[in-house]
Amino acid sequence: MSVPAISIRDVSFAYQQKPVLWDIDAQIPQGTMVAIIGPNGAGKTTLLQTIVGIVKPAAGRIDILGAAIETQRLSMAYVPQRRSIDWDFPVTVWDTVMMGRFGYLGWWKRPTSLDQNRCDMALESVGMSAFANRHISHLSGGQQQRVFIARALAQDAMILVLDEPFVGVDATTERDIVAILKSLRDAGKTIVVVHHDLHTVSDYFDWALVLNVRLIALGPVGEVVTAHTLKTAFGGRHAAP
């Protein structure tokens, strides 16, 4: 059996002495498309940021592909919430995607032909090649999301972690992005997404992680996204200690 893509072991995190994550223990298999669902304030974004190493847990540990997270930075690519990004920063689509190669290049080395080819392929895979020289602020919300997915692809990461990628995009663009993510899943990558629309979970995802400070349920969507599980998670009170 292959090692889990993500192994979360007894992870807890608190902010100003208030539990945000409490004793999370979860194993996410490779090659799976996983939705993280739960009410506002459930700790979904914090869990994502803990997985990619932005936030350090107060207790517990996270292994990526069987190794400590510190040794696996290039194995993961993070697509943050759109509202957390400065869209006025003077950078083109091409420059943004090339940032996915910085882990291999460092900040001061010039991109090689391999790096350029990776960026070309990433842009082509998300349908954004024609926009390579455009400023990112001149794109629609859906196009901006495609660019950040392309940046993740240019990184050659095996695990893509996306925080609310469908916020601010229209239904057609959402379906297009889902199709891109599913094709990556089919190629063996692991996709982890914070998702809010419970009506589309079963159509979009293989597994669901249901969270409300504590882990409520984790497993195939058909087994864990049930009336009982959703009532437990969204019933109006946190499952905090």
Side-chain angles (χ1 to χ4, degrees), residues 6 13 15 20-21 28 32-55 76-89 91 93 96-97 99-100 122-123 125-128 131 134-155 157 159-185 189-213 216 221 224-225 230 233-234 238:
I6 303 168
F13 180 82
Y15 179 71
V20 178
L21 300 172
I28 295 176
T32 309
M33 193 156 160
V34 183
I36 299 178
I37 60 176
N40 292 335
K44 301 183 296 294
T45 291
T46 300
L47 180 60
L48 234 60
Q49 292 180 342
T50 304
I51 289 171
V52 298
I54 295 174
V55 169
M76 293 181 292
Y78 176 51
V79 178
Q81 296 179 11
R82 287 184 59 250
R83 63 175 175 265
S84 69
I85 298 168
D86 180 5
W87 296 108
D88 293 324
F89 189 76
V91 66
V93 166
T96 302
V97 176
M99 290 177 188
L123 282 170
S125 69
V126 300
M128 290 296 292
F131 298 85
R134 187 169 297 188
H135 191 288
I136 57 171
S137 67
H138 298 161
L139 303 177
S140 68
Q143 289 170 332
Q144 290 169 343
Q145 285 291 30
R146 288 171 184 260
V147 170
F148 272 77
I149 292 172
R151 184 183 71 171
L153 295 179
Q155 186 179 318
I159 302 170
L160 276 67
V161 180
L162 303 94
D163 196 354
E164 302 184 23
F166 307 126
V167 171
V169 305
D170 59 46
T172 299
T173 300
E174 179 172 319
R175 289 192 294 270
D176 290 344
I177 292 174
V178 169
I180 292 169
L181 296 178
K182 285 185 174 181
S183 70
L184 296 173
R185 184 271 319 273
K189 296 184 185 292
T190 304
I191 315 294
V192 182
V193 178
V194 169
H195 188 61
H196 285 286
D197 185 356
L198 298 179
H199 295 97
T200 58
V201 171
S202 61
D203 292 332
Y204 291 177
F205 298 94
D206 310 313
W207 276 39
L209 188 157
V210 187
L211 182 71
N212 192 347
V213 181
I216 306 299
V221 168
V224 303
V225 181
L230 296 179
F234 291 85
H238 287 324

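What you see is a predicted model; the values in this text were computed from it and never measured. Residues: numbered from 1 along the sequence shown. The analysis underlying the following values was restricted to heavy atoms, covering all of them including side chains, and did not include hydrogens, waters or symmetry mates.
Residues Gln143 and Val93 fail the side-chain proximity criterion, which asks for heavy atoms closer than 4.5 Å. Counting heavy atoms from C-beta outward, Leu230 and Ile37 have side chains that approach closer than 4.5 Å. A 4.5 Å side-chain heavy-atom check between Thr46 and Tyr15 finds every atom pair outside the cut-off. Side-chain contact between Lys44 and His196 is present, with at least one heavy-atom pair separated by less than 4.5 Å. Side-chain contact between Met99 and Val91: present, with at least one pair of heavy atoms (C-beta onward) separated by less than 4.5 Å. Two residues are said to be in side-chain contact when any heavy atoms from C-beta on lie closer than 4.5 Å; Tyr78 and Asp163 meet this criterion. Contact annotation: the side chain of Gln81 never approaches that of Val194 to less than 4.5 Å [non-hydrogen atoms, C-beta and beyond]. Contact of the Met128 side chain with the Leu139 side chain is registered, since non-hydrogen atoms from C-beta on lie closer than 4.5 Å.
Leu48 contributes atom CG, which lies 5.0 Å from atom CD1 of Ile36 (distance to the nearest 0.5 angstrom). Between Arg185 atom CZ and Asp206 atom CG the span is 4.5 Å, to the nearest 0.5 Å. With values rounded to the nearest 0.5 angstrom, Thr45 atom OG1 is found 9.5 Å from Asn40 atom CG. Between atom NE2 of residue His199 and atom OH of residue Tyr204 there is a gap of 12.0 Å, rounded to the nearest 0.5 Å. For the atom pair CG (Leu198) and CZ (Phe234), the distance works out to 4.5 Å, reported to the nearest 0.5 Å. For the atom pair Ile28 CD1 and Leu209 CG, the distance stands at 6.0 Å (nearest 0.5 Å).
The aromatic rings of His195 and Phe166 sit perpendicular, their planes meeting at an angle over 60°, well past the 30° parallel limit.
For the pair Asp203 and Lys182, the tightest heavy-atom approach, listed with the atom from each and the gap, is O-NZ, 2.7 Å. Listed here is the closest heavy atom pair of Leu211 and Pro39: O-CD, 3.6 Å. Phe13 and Val55 make their closest contact through CE1-CG1, 3.3 Å (heavy atoms, listed as atom of the first residue, atom of the second, distance). Scanning both residues, Ala150 and Ala122, for their nearest heavy atoms gives O-CB, 3.3 Å. Here the closest heavy-atom approach between residue Ser137 and residue Gln144 is recorded as CA-NE2, 4.3 Å. In plain terms, the two heavy atoms of Val79 and Phe148 that are nearest each other are CG2-O, 3.7 Å.
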* Asked: Going through the checks in order, is the side-chain contact (heavy atoms from CB on, under 4.5 Å) test met by Met76 and Ile6?
  -> CA-CA 10 Å; Met76 293 181 292; Ile6 303 168; 5.7 Å; no
* Verify side-chain contact (heavy atoms from CB on, under 4.5 Å) between Leu184 and Leu153, making sure each step is shown before the conclusion. => CA-CA 9 Å; Leu184 296 173; Leu153 295 179; 3.3 Å; yes
* Can you check side-chain contact (heavy atoms from CB on, under 4.5 Å) on Leu162 and Ile149, steps first, answer last? -> CA-CA 9 Å; Leu162 303 94; Ile149 292 172; 4.0 Å; yes
